[in-house]
2 protein chains.
Amino acid sequence: MKKTELSIHCQSCSFSHLCLPVSLNQDELDSLDNIIERKTPLHKHDILVNKGDKFRSLFAVRSGSFKSAIHTEDGQEQIVSFHLPGDLIGFDGLYSKRYGSTTTALETGMVCELPYENLEEMSALYPNVKQQIMIHMSGEIQQDQEMIMLLNKRTAEQKLLHFLSFLAQRFGERGFSKKEFNLSMTRNEIGNYLGLTVETISRLLTRFQKENLIKVDGKLITIIESNKIVAKANNLEESLI
Amino acid sequence: MKKTELSIHCQSCSFSHLCLPVSLNQDELDSLDNIIERKTPLHKHDILVNKGDKFRSLFAVRSGSFKSAIHTEDGQEQIVSFHLPGDLIGFDGLYSKRYGSTTTALETGMVCELPYENLEEMSALYPNVKQQIMIHMSGEIQQDQEMIMLLNKRTAEQKLLHFLSFLAQRFGERGFSKKEFNLSMTRNEIGNYLGLTVETISRLLTRFQKENLIKVDGKLITIIESNKIVAKANNLEESLI
DNA sequence: CGAGAAATTGAATCAATTCAATTTCGGTGG
DNA sequence: CCACCGAAATTGAATTGATTCAATTTCTCG
């Protein structure tokens, strides 16, 4: 696959500090950049990878956002993560050779594709790259375990506040505003992710607005009392933050 | 550290089909066996590894059972897994160099210790070993995600039935009876793991007994209607199992 | 602009928790 | 070996946070 002159390089990508390139040296980075293919844009509802499909490539989100979900025996969807630019997708299936979940675009977005074969070749030369993927995997384990804690130990209010401040933080890390952002997922998807119903999400958002913690304007969320949100989400006094 | 004549070898261990040795060849197995240290027994409440401690070793459960837990900001415990013989402990922190959770013995038990340095040396020679650990990691991710689904999409009844049949299956894989086994964890710990209260666990167990799904005698559980349990746990008709 | 999807809001319901009171278990020391 | 103590488990009654059901309203995009 030929690269166009327009293609963006890892070296100049504004998300490289969150993505695979973290801690790679110049040689490694050049090598990585060479094997990466930039895919044409995906649109809302487009499926990037399907759970169970043979693992072919790793993907890095370049723009837009995605959701990954698994399905219950009786066919319900369970969203297990939302992906923002810089996030890596597909590595959960790297070693079982099949994708572990289905990833769908929430809005128009672009990804970088990292074909598995090339990755293997490269790994032989630069073991650092594989190491980097491992770090992402253990990060994913920790994140999933914290999710389990959130689901088991927190109220609906705390779950949603945590979700909002987590999102805000992630937007911040990516150079976007952490005070004001658009939700690319529906209320339904937020509820699915947090184990709550749409109605509960809706009621809580209007309540948070009344309590002046946030401002809600459809999909646009403005964080007003960031500290209070974190404190409430964690059952702590605000002064302890 | 010198090995005694009494020490058991991976080659003859009855759990090798579940543990690191899976799919290792004879040379790899011998090499692995050489670097493994067998630790003295741990007793109930003994801590094997502490979350946040520097990663020094990987552990394989040889006998007994363990729990791994993380803690909320405000100090509550959240159990994230129970470990049986053959299970690997500590790999969640392998690449972040710190243990990701605290692991405690639920009863008297033994573990095999795999010092990190030796593991690294060995990996250079036999990349298969590292590969095997990666497979365990991606398995852990999938298991955690299924846990998220269980917590979000299932009722208390379904959660506990799933827990029981999952335990039964795991005992079976280890050569123990999958029809009759002892719970090494308290009702409280089961509730903690499943996001339910002790009272709910207790009530459900007596109800399951009345419905003739299981027999409960203190910590001793006897599975009576295995198919019905799986069906109920998954919201399905028994005939579809 | 219009139709279907998404979101909001209210009222009624319920699954699981909380609170409270015993009972049973398991380990320890006399 | 048994008595005793604290921990674990059971059971009941009352409470409640979140869901379900239902009815609109508001978006979104073809």
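Order of the sequence lines sets the chain letters (A, B, ...), proteins ahead of strands, with each chain counted from 1. Being a predicted model, the structure only gives us computed values, none of them experimental.
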Q. Is the CD atom of B:Q209 crowded by more than 12 outside heavy atoms at less than 6.0 Å?
A. yes
Q.
Run the side-chain contact (heavy atoms from CB on, under 4.5 Å) test on A:V216 and A:I221 for me, step by step, so that the C-alpha distance in whole Å, both residues' side-chain angles and the decisive distance to 0.1 Å come before the verdict.
A. CA-CA 5 Å; A:V216 183; A:I221 301 289; 4.2 Å; yes
Q. Should the pair B:R174-B:D87 be classified as a salt bridge under the 4.0 Å nitrogen-to-oxygen rule?
A. yes
(Q) Checking side-chain polar atoms at under 3.5 Å, does B:Q142 have a donor or acceptor matched by the opposite partner on B:E146? (A) no
Q) Rounded to the nearest 0.5 Å, how far does CZ of A:F66 lie from CG of A:D46? A) 8.5 Å
Q: Using heavy atoms and a sub-4.0 Å distance, could you list which residues of residues 148-167 of chain B are near DNA chain C? By number, please.
A: B:T155, B:A156
Q. Should A:P85 and A:R62 count as side-chain neighbours, where that means a heavy-atom distance under 4.5 Å?
A. no
(Q) B:R207: which residues meet the side-chain contact (heavy atoms from CB on, under 4.5 Å) condition with it, sequence neighbours left out? (A) B:E157, B:L204, B:E211
Q) In terms of heavy-atom contacts, does CD of B:E113 have more than 12 from other residues, nucleotides or ligands at under 6.0 Å? A) yes
Q: Using a strict cut-off of less than 4.0 Å between a Lys/Arg side-chain nitrogen and an Asp/Glu carboxylate oxygen, indicate whether A:K67 and A:E189 qualify as a salt bridge.
A: yes
Q) Is there a side-chain contact between A:L114 and A:S57, using heavy atoms and a 4.5 Å cut-off? A) no
Q | Selection: residues 198-205 of chain A, any non-hydrogen atom under 4.0 Å of DNA chain C | A | A:E199, A:S202, A:R203
Q) Do A:C10 and A:S16 have side-chain heavy atoms sitting under 4.5 Å apart? A) no
**Q.** chain A contact limits on DNA chain C, taken 5' to 3' with a cut-off of 4.0 angstrom to heavy atoms
**A.** C:dA7 to C:dA11
Q) Touch check for A:G195, heavy atoms < 4.0 angstrom, all strands: base, sugar-phosphate only, or nothing? A) sugar-phosphate
Q.
Distance check, rounded to the nearest 0.5 Å: B:F208 atom CZ versus B:L213 atom CG?
A. 7.0 Å
Q: Could you pull out all residues at least two apart from A:R203 that satisfy side-chain contact (heavy atoms from CB on, under 4.5 Å)?
A: A:E199
Q. Going by heavy atoms closer than 4.0 Å, what residues in residues 179-190 of chain B are next to DNA chain C?
A. none
Q: For B:E140 and A:Q145, test the side chains for any donor-to-acceptor distance below 3.5 angstrom and give the result as yes or no.
A: yes
Please report, to 0.1 Å, the donor-acceptor pairs under 3.5 Å made by any side chain of residues 178-185 of chain B, with sequence neighbours excluded.
residue	atom	partner	partner atom	Å
B:S184	OG	B:S65	OG	2.6

Q: Check each residue of residues 71-82 of chain A for a non-hydrogen atom within less than 4.0 Å of any atom in DNA chain C, then write out the ones that pass by number, or none.
A: none
Q) Any side-chain donor paired with an acceptor under 3.5 Å for A:H83 and A:S68? A) yes
All N/O contacts under 3.5 Å from nucleotides 4-7 of chain D to the protein, with atom names and distances to one decimal?
none

Q) At how many degrees, to 10°, do the end axes of the helix from C:dC1-D:dG30 to C:dG30-D:dC1 meet when each uses five pairs? A) 50°
Q.
Could you walk me through whether A:L194 and A:L150 satisfy the side-chain contact (heavy atoms from CB on, under 4.5 Å) test, starting with their C-alpha distance in whole Å, then the side-chain angles of each, then the deciding distance to 0.1 Å, before giving a yes or no?
A. CA-CA 9 Å; A:L194 295 175; A:L150 185 76; 4.1 Å; yes
Q) Hey, are the side chains of A:R154 and B:T72 touching, using non-hydrogen atoms and a 4.5 Å cut-off? A) yes
Q) Just checking, any donor-acceptor pair under 3.5 angstrom between side chains of B:Q158 and B:N235? A) yes
Q. Residues in side-chain contact (heavy atoms from CB on, under 4.5 Å) with A:Q78, at least two apart?
A. A:I70, A:V80, A:N192, B:I148, B:M149, B:N152, B:K153
Q) B:F176 vs B:F15 aromatic rings, parallel, tilted or perpendicular, using cut-offs 30° and 60°? A) tilted
Which atom pairs link the protein and nucleotides 26-30 of chain D when you take only N or O atoms and keep those under 3.5 Å?
none

Q) How are the rings of A:F163 and A:F82 set relative to one another: parallel (under 30°), tilted (30 to 60°) or perpendicular (over 60°)? A) perpendicular
